[in-house]
Undergrad: 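The following block contains the structure, expressed as C-alpha cells.
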There are 2 protein chains.
Amino acid sequence: MSEQKTSSDTRDRILDVAERLFMENGYEATSMRMITGAAEVNLAAVNYHFGSKEALLREVFRRRLGWLNVNRLQALDRLEAQAGGGPLKPSQILEAFFGTLLRMGEDKALGGMTFLRLLGRTLTEPAEFIRTFFAGEYAEVIDRYKQALYRALPDVPQAEIVWRLHFMLGAMSYAIAGTDVLRVVTGVEVGDLAGERPLQDDDTVLARRLAQRLMPFLLGGLRAPLPQFDEPARIQKELPTQAARESRPGI
Amino acid sequence: MSEQKTSSDTRDRILDVAERLFMENGYEATSMRMITGAAEVNLAAVNYHFGSKEALLREVFRRRLGWLNVNRLQALDRLEAQAGGGPLKPSQILEAFFGTLLRMGEDKALGGMTFLRLLGRTLTEPAEFIRTFFAGEYAEVIDRYKQALYRALPDVPQAEIVWRLHFMLGAMSYAIAGTDVLRVVTGVEVGDLAGERPLQDDDTVLARRLAQRLMPFLLGGLRAPLPQFDEPARIQKELPTQAARESRPGI
DNA sequence: CTAACATTAAAACGAACGTTTGAACGAATC
DNA sequence: GATTCGTTCAAACGTTCGTTTTAATGTTAG
C-alpha cells in the first residue's frame with residue numbers, strides 16, 4: 001500500500017521543519033544542520049531531495065503558493081461569473097484576495113499561521129533569488145486582481161490603484177509576519193488589550209481575528225480620498241478626488 | 001583643528017557603508033569583509049570601533065533613530081501645545097509620526113532613502129537582538145502616539161486603535177522597504193504607470209511622492225468603519241460603528 | 001537469487017564566517 | 001627625544017557553512 005513515490009516522508013518532514021525554522025530564524029540564519037537535525041534526517045538528505053538550500057526554500061513556498069494561487073484565481077473567476085461582465089465591488093475583490101490567504105492561517109493542513117508568518121517575513125527578504133521566485137509565482141494573480149481593481153474603480157487613476165495595492169500588501173505582509181514592534185513594546189498580544197479576552201490562542205482564533213480587523217482597514221485605505229498634488233507634475237486633467245468619490249460604486 | 005574625537009572618519013565610513021550593505025543584503029548576508037572592503041578600512045576596524053557585528057548594526061540605527069525619536073516627540077509636543085489640552089486630529093498625529101520619518105528620505109544627511117529602506121527591511125528581521133533593540137528604541141515614542149490616538153478617537157475601542165496602528169506601521173514599513181513584488185512583477189517603478197512621468201528619480205522625489213500617496217491611505221484605513229463581530233466574543237455593549245463615525249472629530 | 005535502483009549514512013571538502021592577536025604606525029604630551 | 005595612547009595593519013584563530021563523495025542500506029524488478 002501507499003504508492004506515494006514523491007512524498008518519501010523524509011521529504012515532507014524536511015519541508016515541515018524547514019517551513020518552521022525559516023519562519024523563526026529567517027533564511028540566512030537557518031543552517032542545513034539545524035533543519036536536518038530537527039527533522040531527524042541525514043544532513044545530505046536535503047541536497048539529495050531538493051538539490052540545494054535555495055531550492056529547498058523555493059519548494060517550501062511552492063507547495064503552499066500553488067494552492068493559494070489556484071484558489072485566488074478561482075475566487076476571482078467565481079465573482080466575475082456572477083457579476084456577468086460588470087465591475088466587481090472593491091470589497092469583493094479584497095475579500096477574494098486577502099480572505100483566501102488569511103483562511104490558510106486557520107487551516108493547519110495549509111501551513112497555518114506558521115506559513116503565513118513565514119510568507120510575511122520572506123516577502124521583505126532582499127536576496128535576489130527569493131525576489132525573482134516571488135515575482136514569478138505572483139505575476140499572474142497580481143495582474144488579474146489589478147485589472148479587476150481597475151474596473152472596479154474606473155475613476156481612480158491606475159497608478160494610484162497600484163500604489164494602494166502596494167500599501168495593502170504591506171499592511172497584510174507586516175501583520176501576518178507578526179515580528180512586531182508593538183507586541184514587544186506593549187508586552188502583550190494584540191487583542192489582549194482594553195478588556196478583550198486574552199488570547200489563550202490557538203492560531204486559528206488569531207487568524208480569524210486578524211482577518212476581521214484587517215479587511216475594514218484595507219478597504220478604508222483603498223477608498224480614501226485621492227491625495228492633492230502640490231507639485232505641478234504635469235497637466236493635471238482635473239483633480240479627480242471629489243468626482244471619484246461620488247461615482248464610486250457601492251461597497 | 002577638528003577636535004572631533006569620536007568621529008574618526010574610519011568610524012563614519014564604516015557606518016555609512018554598513019548602512020547601505022545591510023540594506024542591500026540584509027544583516028546575515030552582509031559579512032564584515034564586505035563592509036570593511038567597501039569602506040576601505042582594515043577588517044579589525046569594526047571590532048575595534050564597535051565591538052561586534054551586532055553592535056555595529058545597533059549603532060547604524062542609533063545614530064538615525066536618535067534624531068527620529070527626538071523629532072517625533074517634538075512634533076507631538078508642538079501639536080499638543082497648540083491644541084491647548086484638547087484632542088488632536090488624527091491627520092495631525094499621522095502627519096507628525098509618518099511625516100517626520102518620510103522626511104528623512106528626502107535628506108541625505110539623515111540617511112535618505114537608504115536608511116528608510118534599511119529600516120523597513122530590518123523591522124521584519126526575526127533575530128532576537130534586533131527585535132529587542134527596536135523595542136527599546138521605540139517604546140517611548142509609540143506609547144506617546146498611542147495615547148494621542150486614544151484621545152483623538154475616544155469612541156473607538158483602544159484595542160482597535162492598536163490594531164490599526166499596527167496595520168499603518170506595516171503599510172509604511174513595506175512601502176519604504178521597497179523590496180517589492182509589484183515592482184518586479186510590473187517591471188517598472190511604481191509611479192511610472194498610467195502616463196505619469198517616469199522616475200528619473202532622485203530618491204528625494206520618490207520620498208515625497210511616497211509620502212503624498214501613503215498619508216491618505218493610512219488616514220482612510222485608520223478612519224474606516226469598525227468591523228462587525230460575528231463571534232459573540234462577549235457582551236458587545238453596542239456596535240460602536242455608527243456612533244463612532246458620527247462623533248469622530250473632524251479630520 | 002540477483003541485478004538495478006532509490007534512499008540513507010558517515011565523513012570529509014574547501015570556503016567563508018566573526019573575532020582575536022600582537023606588532024607597527026603616527027601624532028600628541030611631557 | 002622619549003613616551004604614551006589611540007588607531008591601523010597583516011595574519012591567524014577556531015568554528016560553521018553548504019555541498020560532495022563514497023559506501024552502506026533497503027526495495028523492487030527480472
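So that the names make sense, note that chain A is the first sequence line, chain B the second, and so on, each numbered from 1. Predicted model, so just to flag it, every value in this text is computed and none were measured.
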Undergrad: Roughly, in whole Å, what's the span from CZ in B:Phe50 to C1' in C:dT19?
TA: 16 Å
Undergrad: Output yes when a side-chain donor or acceptor of A:Asn69 lies under 3.5 Å from a complementary backbone atom of A:Val141, and no otherwise.
TA: no
Undergrad: Is a salt bridge present between A:Arg208 and A:Glu106, judged by a nitrogen-to-oxygen distance below 4.0 Å?
TA: yes
Undergrad: Salt bridge check, B:Glu24 against B:Arg121: does any charged N sit closer than 4.0 Å to a carboxylate O?
TA: no
Undergrad: Rounded to whole Å, how long is the line connecting atom CD1 of B:Ile14 with atom P of D:dT7?
TA: 11 Å
Undergrad: Regarding B:Arg63 and B:Glu59, does a basic nitrogen lie under 4.0 Å from an acidic carboxylate oxygen?
TA: no
Undergrad: Within the structure, does a side-chain N or O atom of A:His49 lie under 4.0 Å from either OP1 or OP2 of C:dT8?
TA: yes
Undergrad: OP1 or OP2 of C:dT7 versus the side-chain N and O atoms of A:Thr10: is any pair under 4.0 Å?
TA: no
Undergrad: Reading nucleotides 16-28 of chain D from the 5' end, what letters show protein touch, with B for base, S for backbone sugar-phosphate only, - for no heavy atom under 4.0 Å?
TA: -BBBB--------
Undergrad: Could you pull out all residues at least two apart from A:Glu28 that satisfy side chain to side chain donor-acceptor pair (under 3.5 Å)?
TA: none
Undergrad: Take the protein atom CG of A:Asp12 and the nucleotide atom P of C:dT7, then report the distance between them rounded to whole Å.
TA: 13 Å
Undergrad: Are the charged groups of B:Asp16 and B:Arg20 less than 4.0 angstrom apart, N to O?
TA: no
